[in-house]
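These numbers come from the heavy atoms of this one structure, side chains and all, not from hydrogens, waters or symmetry mates.
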Amino acid sequence: MDFFYGQESLTSIQWILRAIIAFFFLFFIVKIMGLRSISQLRLLDFAMAILIGNIIAHPLSDEGLGLKGSLVSMSVLVALYLICLYFMNKFIPFREFVAPPPITLVKNGEINVKNLKKARISIDDVLSEMRKQSILDIKKVALALWEPDGEISIFLSPEHQPVTKSDLNITSQPFSYPTTIIKDGKINYEMLSNSPYNEETLKINIKTTYNVEINEILLATLDQNKQLQIFLK
């Protein structure tokens with residue numbers, strides 16, 4: 001366990017052991033913090049990411065620093081992070097301080113210049129996000145919000161929104177997610193058990209219809225009508 005503490009020099013094996021421990025400890029920390037920490041970063045998440053990155057990087061590049069201090073520091077930071085999340089869920093003022101509500105940039109086709117300055121962004125940022133969503137006329141925008149994670153949410157006025165089936169009173173089929181039966185040349189037996197096929201009939205169907213073997217298939221799915229669709233490697 002000498003590699004765990006600061007030393008004048010470390011062997012290659014000791015460096016490797018440090019990296020392995022740091023990797024799995026960081027993985028464990030992220031699992032505790034939850035998916036929120038690896039999605040769009042908000043203020044609290046960004047601060048945590050910067051701090052944890054710096055803390056874990058130093059003992060992996062400086063043999064004079066031990067791992068113990070970094071692991072303890074990271075554990076304390078994660079505890080503080082979880083406490084902050086608890087208070088954010090319980091107390092609205094604290095939540096608004098850490099993750100302030102969105103700022104209105106455009107409303108009913110009118111630009112709010114004051115809020116642009118408050119968000120510290122330019123109209124070019126709004127226009128850029130509009131172009132990404134194929135919106136060319138700002139007058140068509142009912143609402144544009146600057147979100148706490150740095151994204152701009154844009155909503156079109158009702159008269160400029162795409163027509164849907166419900167608008168035309170057209171009955172649509174219920175949503176159905178394709179079932180993956182084969183992936184990377186391997187059969188998913190759990191999914192196969194809920195399909196009209198068994199292993200033998202599946203292989204016969206694929207051989208007869210597509211003249212390929214299972215190991216030649218990149219992906220095979222079943223749609224809501226139990227129709228098989230395959231994609232070759």
Rounded to the nearest 0.5 Å, how far apart are [atom1] of [X] and [atom2] of [Y]?
X: K207; Y: I214; atom1: NZ; atom2: CD1; answer: 10.5 Å
X: Y189; Y: N198; atom1: OH; atom2: CG; answer: 10.5 Å
X: N211; Y: I206; atom1: CG; atom2: CD1; answer: 11.5 Å
X: I187; Y: T180; atom1: CD1; atom2: OG1; answer: 13.5 Å
X: L105; Y: I123; atom1: CG; atom2: CD1; answer: 8.0 Å
X: I83; Y: M88; atom1: CD1; atom2: CE; answer: 14.0 Å

Can you name the nearest heavy-atom pair linking [X] to [Y], along with the distance?
X: S153; Y: E147; answer: OG-OE2, 2.8 Å
X: C84; Y: F94; answer: O-CE2, 3.5 Å
X: K233; Y: G185; answer: CE-N, 4.0 Å
X: K107; Y: T104; answer: CB-CG2, 4.0 Å

How about [X] and [Y]: do any of their side-chain heavy atoms sit closer than 4.5 Å?
X: V106; Y: L143; value: no
X: M130; Y: I138; value: yes
X: P196; Y: L222; value: yes
X: I181; Y: S195; value: yes
X: V126; Y: I111; value: no
X: K140; Y: S157; value: no
X: D125; Y: E129; value: no

| said: Test side chain to side chain contact (heavy atoms under 4.5 Å, CB included) on L218 and L232; report intermediate values, then the result. | reply: CA-CA 5 Å; L218 175 65; L232 300 178; over 6 Å; no
Are [X] and [Y] linked, directly or through other ILVMFWY residues, by side chains that come within less than 4.5 angstrom of each other?
X: I182; Y: L228; result: yes
X: F91; Y: L82; result: yes
X: I230; Y: M191; result: yes
X: F155; Y: I135; result: no
X: V163; Y: I170; result: yes

Is a side-chain donor or acceptor of [X] paired with a backbone partner of [Y] at a separation under 3.5 angstrom?
X: Q229; Y: T221; result: no
X: T208; Y: I204; result: yes
X: N89; Y: Y86; result: no
X: K226; Y: Y197; result: no
X: N115; Y: I103; result: no

| said: Could you work out, with ring-ring contact (aromatic ring centres under 6.0 Å, His included) as the rule, every residue matching Y210, not counting sequence neighbours? | reply: none
| More than 12 heavy atoms of other residues, nucleotides or ligands under 6.0 Å from CD of E190: is that the case? | no
| said: Surrounding CG of L136 (heavy atoms of other residues, nucleotides or ligands, distance under 6.0 Å), is the total greater than 12? | reply: no
| message | With side chain to side chain contact (heavy atoms under 4.5 Å, CB included) as the criterion, how do K186 and D184 come out once you've worked through the C-alpha distance, each side chain's angles and the decisive distance to 0.1 Å? | response | CA-CA 6 Å; K186 296 181 179 180; D184 291 325; 5.5 Å; no
